[in-house]
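For reference, the structure is listed below as structure tokens.
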2 protein chains.
Amino acid sequence: MSGRERGAASAGFIATVGRQIRQRRQEQGWTVQELSDRSGVSRRMLTQIELGQANPSLVTVDRIAHALDSDFASLALPSPIPAAAGSSREALRVWSSAGGSEAALLTATDHVPRAELWHWRLAPGDTYQAEPDASGTEELHYVHAGELTITTGGAILRVRAGEAGRIRSDQHYAYHNDGPSWTEFTRVVVGA
Amino acid sequence: MSGRERGAASAGFIATVGRQIRQRRQEQGWTVQELSDRSGVSRRMLTQIELGQANPSLVTVDRIAHALDSDFASLALPSPIPAAAGSSREALRVWSSAGGSEAALLTATDHVPRAELWHWRLAPGDTYQAEPDASGTEELHYVHAGELTITTGGAILRVRAGEAGRIRSDQHYAYHNDGPSWTEFTRVVVGA
DNA sequence: TCCATATGTGCAGTATAGTGCTCATTCTGC
DNA sequence: GCAGAATGAGCACTATACTGCACATATGGA
């Protein structure tokens, strides 16, 4: 890191966090000053964070999250929250590769049972290596186009367009696109 | 904020983030120096972060996350998500209307937490009236094309293409396509 | 034992996160 | 139009995140 770019919105997720904070504050009907009083973070800083012009520390984000009766992680995710009625929000691109492959977290539940809805695009020949998860976690897949190869614990599962797959997630696994065209699939992650 | 406690592990989640980073680094078989080179964050800072003795900024955490081929949010969550062996299943057309609308159950888990993955197609002007599910059941929606209007308990939720929605489904609810074109959406039902 | 590698830590310096003032602008409602 | 509330932003200042170096400790292999 020679030149340290700063001042403006550097990373995209910083803007996401800012937008999350602003929306939740407005849902509470609070002014920036009010959130400042409740969180202990200055009004000056809050406006910059909401506009994606700051690079807050974890402690600062945590103070704000607590004041909003939320938690740190959910501010980074684009999850809505309203209890009875849902809301709409844009997807969060969580992973991408040099080849153009990408994974977007579309929406998720807040608490148990945890469920996440994803959309994935894998370029021909591309691979995604995943880490094991909490015991009992499962995944559902539905392939819209191309074909998806899932390797897990020595087993190989091939899912073609129009087919569905399911895996347990207590061990290392990986997604591969061994086909000649792009693979598109929906992924649901379910935890206890 | 009179006395600002610092230097030691202040918040619990900071230690969580540190542990996550250390674990993933060791899974890669990297030394701290190696992660430092790849992420652009100094070795000095990395050790403190891993030990929960630092208060890094979002950009710093993001740099580390990218070097670990991970994402920012999952480092903050104590429980990530994926991995294991599964099976494939064919889609089941559960419902259809005279107008050509249809609902297909793509796949589902066997036991708790229950989760079902659906694909729906609603013709313009078509409606589906649903019965309440078991208490605590939730639904996630992602609209691929057109727009989806969900009415539930007097509330109206409109989800457009590219947006996501969420509702509690332990009450009467209905899907409507009020738009001029076909509506296509993915639906996830999650129960306890 | 000796050497090499990996990690933890003290210290000083630098870059920047964060604060508290200030004023400008916008949007209300009167 | 006017007054007040709310937000956006410039500025100087303070607190601290972050760096680089040095040194200590621990582990493992020849």
Rounded to the Å, how far apart are [X] [atom1] and [N] [atom2]?
{"X": "B/Asp37", "N": "D/dT19", "atom1": "CG", "atom2": "C1'", "result": "14 Å"}
{"X": "A/Ile49", "N": "C/dT16", "atom1": "CD1", "atom2": "P", "result": "17 Å"}
{"X": "B/Met45", "N": "C/dG10", "atom1": "CE", "atom2": "C1'", "result": "15 Å"}
{"X": "A/Leu46", "N": "C/dT19", "atom1": "CG", "atom2": "P", "result": "8 Å"}
{"X": "B/Arg63", "N": "C/dA15", "atom1": "CZ", "atom2": "P", "result": "14 Å"}

Minimum-distance nucleotide (side-chain atoms of B/Pro56 versus D/dA17, D/dC18, C/dG18): D/dC18
Sugar-phosphate or base contact per nucleotide [nucleotides 4-13 of chain D; S, B, -; heavy atom under 4.0 Å]: --SBBBBB--
Short side-chain N/O contact from A/Ser57 to OP1 or OP2 of C/dG18, under 4.0 Å: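 Yes.
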By ring-ring contact (aromatic ring centres under 6.0 Å, His included) - contacts of B/Tyr175 (at least two apart): B/Trp120, B/His141, B/Tyr173, B/Phe185
Determine whether the side chains of [X] and [Y] contain a donor N or O and an acceptor N or O closer than 3.5 Å.
{"X": "A/Gln23", "Y": "A/Arg19", "result": "no"}
{"X": "B/Arg114", "Y": "B/Thr109", "result": "no"}
{"X": "B/Gln28", "Y": "B/Arg24", "result": "no"}

Angle by which the axis turns from one end of the helix from C/dT1-D/dA30 to C/dC30-D/dG1 to the other, five pairs per end, to 10 degrees: 40°
B/Asp126 backbone acceptor or donor facing B/Asn177 side chain under 3.5 Å: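 Side chain of B/Asn177 to backbone of B/Asp126, a donor-acceptor pair under 3.5 Å: no, none is there.
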Main-chain N/O of B/Glu138 paired to B/Asp133 side chain as donor or acceptor, under 3.5 Å: no
Inter-residue atom distance B/Leu105.CG - B/Arg187.CZ, 0.5 Å rounding: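 So the gap between those two atoms works out to 9.0 Å.
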